[in-house]
Amino acid sequence: TVTIYRVPNHAFDSELRLLIGDAVPLLFEDATHTRDELIVARETAWTFAESLQIEAITIPDDGRGINVFVNVPVSDAQAALDRYLPGVARAHDASLGVHA
């Protein structure tokens with residue numbers, strides 16, 4: 001079974017099922033953001049690399065948002081991210097490690 005996280009779109013689901021056929025069982029899960037939206041968010045967040053001392057940015061497969069790992073106080077970084085990427089980016093303390 002292949003799990004596909006996507007913003008709800010029954011036309012997409014139908015097209016993908018038609019393309020893949022019955023060979024592979026597909027499971028569709030609703031995602032908050034499309035992959036394209038998350039890629040744009042990641043690139044936007046990198047523009048703050050110097051001021052937020054960003055060490056890494058990850059995009060989890062489930063479409064819930066991006067993780068931004070910083071070397072400044074997380075609350076300060078989250079406030080900055082909320083101004084430009086509300087509801088998309090979550091700040092994390094880079095000293096605790098990087099994860100998806």
Side-chain angles (χ1 to χ4, degrees):
T1 299
V2 174
T3 302
I4 300 168
Y5 292 91
R6 50 64 176 132
V7 175
N9 181 339
H10 295 291
F12 171 82
D13 298 359
S14 298
E15 290 292 325
L16 193 54
R17 285 186 197 280
L18 183 63
L19 179 67
I20 300 296
D22 295 330
V24 177
L26 300 176
L27 175 62
F28 293 96
E29 294 289 335
D30 293 348
T32 308
H33 307 282
T34 67
R35 185 81 173 162
D36 288 344
E37 290 170 335
L38 296 178
I39 290 169
V40 169
R42 179 188 61 197
E43 297 309 310
T44 301
W46 274 120
T47 65
F48 304 105
E50 189 174 320
S51 62
L52 297 181
Q53 298 178 30
I54 295 174
E55 185 167 312
I57 299 174
T58 61
I59 301 177
D61 291 336
D62 63 7
R64 69 179 185 260
I66 63 172
N67 296 314
V68 182
F69 297 87
V70 298
N71 291 304
V72 298
V74 171
S75 58
D76 294 346
Q78 190 63 59
L81 292 168
D82 285 345
R83 279 193 298 275
Y84 299 100
L85 299 165
V88 178
R90 290 173 309 281
H92 298 274
D93 186 341
S95 69
L96 299 177
V98 174
H99 55 82

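As the structure is a prediction and not an experimental result, all values here were calculated from the model.
- I57 has its side chain out of reach of F69: every pair of non-hydrogen atoms, C-beta onward, lies at least 4.5 Å apart.
- A distance of 5.5 Å separates CG in L85 from CD1 in I66, rounded to the nearest 0.5 Å.
- Taking 4.0 Å as the cut-off between side-chain N and carboxylate O, R6 and D13 count as a salt-bridged pair.
- Counting non-hydrogen atoms of neighbouring residues, nucleotides and ligands closer than 6.0 angstrom, the CG atom of D30 exceeds 12 such neighbours.
- Linking Ile, Leu, Val, Met, Phe, Trp and Tyr residues whenever their side-chain heavy atoms come within less than 4.5 Å places I39 and I54 in a single cluster.
- Side-chain contact between L19 and E15 is absent, with no heavy atoms from C-beta onward closer than 4.5 Å.
- Remark: the backbone N or O of V40 is not paired with any side-chain donor or acceptor of E43 at under 3.5 angstrom.
- Side-chain contact between P60 and R90: present, with at least one pair of heavy atoms (C-beta onward) separated by less than 4.5 Å.
- Residues F48 and V68 fail the side-chain proximity criterion, which asks for heavy atoms closer than 4.5 Å.
- The salt bridge (Lys or Arg N to Asp or Glu O under 4.0 Å) search around D76 returns none, not counting sequence neighbours.
- Side-chain contact check for L16 versus I4: some heavy-atom pair is nearer than 4.5 Å.
- With T58 contributing its side chain and H99 its backbone, the two residues share a donor-acceptor pair below 3.5 Å.
- D93 and S95 share a side-chain donor-acceptor pair at under 3.5 Å.
- L81 and Y84 fall within a single hydrophobic cluster, where Ile, Leu, Val, Met, Phe, Trp and Tyr side chains are chained together by heavy-atom contacts under 4.5 Å.
- Across all their heavy atoms, A77 and A91 have their closest contact at CB-CB, 3.9 Å.
- In this structure, the side chain of Q53 does not engage the main chain of V72 through any donor-acceptor pair within 3.5 Å.
- Nearest heavy-atom pair across R17 and L26 is NH1-O, 3.8 Å.
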Exercise. Please assess E55 against V70 for the test side chain to side chain contact (heavy atoms under 4.5 Å, CB included), listing each intermediate value before the final yes or no.
Key: CA-CA 6 Å; E55 185 167 312; V70 298; over 6 Å; no
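- Between the Q78 side chain and the A89 main chain, a donor and an acceptor come within less than 3.5 Å of each other.
- Residues L27 and V2 have side chains not in contact (no heavy-atom distance under 4.5 Å, counting atoms from C-beta outward).
- One finds the CD1 atom of I59 at 11.5 Å from the CD atom of E37 (value rounded to the nearest 0.5 Å).
- Under the rule for a side-chain hydrogen bond (donor to acceptor under 3.5 Å, both in side chains), the partners of H92 that lie at least two apart in sequence or sit in another chain are N67.
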Quiz item: Between F28 and Y5, is a ring pair (Phe, Tyr, Trp, His ring centres under 6.0 Å) present by the stated rule, with each step listed?
Solution: CA-CA 6 Å; F28 293 96; Y5 292 91; over 10 Å; no
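- Qualifying salt bridge (Lys or Arg N to Asp or Glu O under 4.0 Å) partners for D62, counting only residues two or more places apart in sequence or in other chains: R64.
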Quiz prompt | Check against side chain to side chain contact (heavy atoms under 4.5 Å, CB included), V88 and L38 | solution = CA-CA 8 Å; V88 178; L38 296 178; 4.0 Å; yes
